[in-house]
Colleague: 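Submitted below is the structure of interest, expressed as structure tokens.
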Amino acid sequence: MAVRLYQLTVDTHDLPSLARFWCGVLDWRILFEDEGEIVIGADETALPGMCFVPVPEGKTAKNRLHIDLSPDDLATEVERIVALGARRQDVGQGEDVTWVVLADPEGNEFCVLRPKKTLLD
């Protein structure tokens, strides 16, 4: 393969806070931290990771790209992630969907799906 997904980069106002939120969600750890970026991951050799970088502007619209999480138990994980600081979001998904839309503490939407075993599940 000529290319692979390395990391997702997230613009943020509060690097430490948002990085720690996502560490809690994913059970990852901070691998690198300075004032210009924080990199998190399962470990330094497990790709992909996430990188948080500072930006002056705030989020102004729905994300064009978002993260989907596949839990062992949807309801349990939504409850846990909300306790970490996420908020439920209505982006027009309706009531009969098999996922829950949440937003991280800075408003970035992401989905918690029903349990999945493959990409085609």
Side-chain angles (χ1 to χ4, degrees):
M1 176 173 23
V3 68
R4 62 183 166 171
L5 183 58
Y6 177 68
Q7 68 186 15
L8 300 171
T9 301
V10 180
D11 294 348
T12 180
H13 287 283
D14 186 345
L15 279 75
S17 176
L18 201 58
R20 283 172 179 72
F21 168 81
W22 281 103
C23 281
V25 169
L26 299 170
D27 193 24
W28 286 2
R29 60 189 176 94
I30 292 176
L31 302 173
F32 174 81
E33 181 173 3
D34 72 16
E35 65 185 34
E37 72 176 345
I38 297 176
V39 176
I40 70 170
D43 70 53
E44 51 277 344
T45 62
L47 300 179
M50 291 177 77
C51 179
F52 300 86
V53 296
V55 295
E57 70 277 357
K59 183 176 176 296
T60 59
K62 180 180 171 284
N63 295 3
R64 299 276 315 256
L65 175 72
H66 71 265
I67 297 169
D68 286 341
L69 304 175
S70 176
D72 291 334
D73 180 283
L74 175 63
T76 299
E77 282 305 299
V78 167
E79 183 178 314
R80 184 184 73 82
I81 295 168
V82 167
L84 290 171
R87 297 176 314 279
R88 289 179 175 267
Q89 295 290 294
D90 181 355
V91 295
Q93 67 268 29
E95 295 180 19
D96 60 343
V97 297
T98 60
W99 65 88
V100 175
V101 181
L102 299 175
D104 71 18
E106 290 201 12
N108 301 299
E109 299 93 1
F110 62 97
C111 294
V112 183
L113 310 175
R114 65 175 171 76
K116 303 227 179 230
K117 301 294 183 209
T118 73
L119 289 173
L120 303 177
D121 196 8

Colleague: Measuring from atom CG of L84 to atom CD of E79, what distance do you get when rounded to the nearest 0.5 angstrom?
Modeller: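 If we round to the nearest 0.5 Å, L84:CG and E79:CD are 11.0 Å apart.
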Colleague: I need the I81 CD1 to E77 CD distance, nearest 0.5 Å.
Modeller: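 Here the interatomic distance stands at 5.5 Å.
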Colleague: For the backbone of A46 and the side chain of D43, can you confirm whether one donor and one acceptor N or O come within less than 3.5 Å of each other?
Modeller: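 Here the side-chain-to-backbone pair exists.
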Colleague: Find out whether L74 and V112 are in side-chain contact, i.e. whether some heavy atom of one side chain is under 4.5 Å from a heavy atom of the other.
Modeller: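 A side-chain contact exists here, since the closest heavy-atom pair is under 4.5 Å.
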Colleague: More than 12 heavy atoms of other residues, nucleotides or ligands under 6.0 Å from CG of D68: is that the case?
Modeller: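 It does: D68 CG has more than 12 such atoms within range.
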Colleague: Less than 4.5 Å apart, any side-chain heavy atom of V10 and any of W22?
Modeller: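 No, side chains not in contact.
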Colleague: So how far is it from E33 CD to I30 CD1, rounded to the nearest 0.5 Å?
Modeller: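 That separation rounds to 4.5 Å.
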Colleague: Holding to side chain to side chain donor-acceptor pair (under 3.5 Å), I want the full list of residues that pass it with S70, two or more places apart in sequence or in another chain.
Modeller: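 S70 satisfies side chain to side chain donor-acceptor pair (under 3.5 Å) with no residue once adjacent residues are dropped.
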Colleague: Would W99 and L26 show up in the same hydrophobic cluster when neighbours are defined by side-chain heavy atoms closer than 4.5 Å?
Modeller: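 They do not share one cluster, since no chain of ILVMFWY contacts under 4.5 Å joins W99 to L26.
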Colleague: More than 12 heavy atoms of other residues, nucleotides or ligands under 6.0 Å from CG of D34: yes or no?
Modeller: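 Correct, the count exceeds 12.
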Colleague: Enter the distance from D90:CG to E95:CD here, rounded to the nearest 0.5 Å.
Modeller: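 Interatomic distance, D90 CG to E95 CD, rounded to 0.5 Å: 9.0 Å.
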Colleague: Is there side-chain contact between V100 and Q93, with heavy atoms separated by less than 4.5 Å?
Modeller: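 V100 vs Q93: side chains apart.
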Colleague: Hey, could you give me the CH2/CD1 distance between W28 and I40, rounded to the nearest 0.5 Å?
Modeller: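 Output value for this atom pair is 6.0 Å.
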Colleague: R80 and V25: which non-hydrogen atoms are nearest, and at how many Å?
Modeller: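 Taking R80 first and V25 second, the nearest heavy atoms are NH2-O, 2.7 Å.
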Colleague: Group every Ile, Leu, Val, Met, Phe, Trp and Tyr by side-chain heavy-atom contacts under 4.5 Å, then state whether L47 and F32 land in the same group.
Modeller: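 L47 and F32: separate clusters.
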Colleague: Starting at CG of L15, measure out to CZ of F52 and round the result to the nearest 0.5 Å.
Modeller: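 Between L15 CG and F52 CZ, I get 8.5 Å after rounding to 0.5 Å.
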Colleague: Below 4.5 Å, heavy atoms only, C-beta onward: do V55 and T12 meet side chain to side chain?
Modeller: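 V55 does not reach T12 side chain to side chain.
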Colleague: Can a donor-acceptor pair be found, under 3.5 Å and without considering hydrogens, that links the side chain of H13 to the backbone of E106?
Modeller: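 A pair under 3.5 Å: no.
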Colleague: Locate the shortest heavy-atom distance separating P54 from G36; write the atom from each residue and the value.
Modeller: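 Nearest heavy atoms, P54 then G36: CD-O, 3.1 Å.
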Colleague: Is there a continuous path of hydrophobic side-chain contacts, each under 4.5 Å between heavy atoms, that joins V97 to L113?
Modeller: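 Cluster IDs for V97 and L113 match.
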Colleague: I'd like to know whether V101 forms a side-chain contact (heavy atoms from CB on, under 4.5 Å) with R88, so could you lay out the CA-CA distance, the side-chain angles of the two residues, the decisive distance to 0.1 Å, and finally the verdict.
Modeller: CA-CA 6 Å; V101 181; R88 289 179 175 267; over 6 Å; no
Colleague: May I ask you to test the R4-Y6 pair for a side-chain heavy-atom distance under 4.5 Å?
Modeller: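 The answer is no, as the side chains (C-beta and beyond) never meet within the 4.5 Å cut-off.
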Colleague: Below 4.5 Å, heavy atoms only, C-beta onward: do P16 and I38 meet side chain to side chain?
Modeller: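 Yes; the side chains approach each other to less than 4.5 Å.
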Colleague: What closest approach, in Å, do F21 and A86 show between heavy atoms, and which atom pair accounts for it?
Modeller: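 Closest pair (atom of F21, atom of A86, distance): CE1-N, 3.7 Å.
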Colleague: Could you tell me whether the side chain of R87 reaches within less than 4.5 Å of the side chain of D104, counting heavy atoms only?
Modeller: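 Answer no - side chains too far apart.
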Colleague: May I ask you to decide whether E109 forms a salt bridge with K59, counting only side-chain N to carboxylate O separations under 4.0 Å?
Modeller: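 A salt bridge links E109 with K59.
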Colleague: Show, in sequence, the C-alpha distance, side-chain angles and deciding distance for T9 and Q7, and conclude whether the side-chain contact (heavy atoms from CB on, under 4.5 Å) test is met.
Modeller: CA-CA 6 Å; T9 301; Q7 68 186 15; 3.7 Å; yes
Colleague: How about R29 and E44: do any of their side-chain heavy atoms sit closer than 4.5 Å?
Modeller: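 Yes, their side chains come closer than 4.5 Å.
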Colleague: Side-chain heavy atoms nearer than 4.5 Å, only ILVMFWY residues, links allowed to pass through others: does that put F110 and V53 together?
Modeller: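 In one cluster with F110: V53, no.
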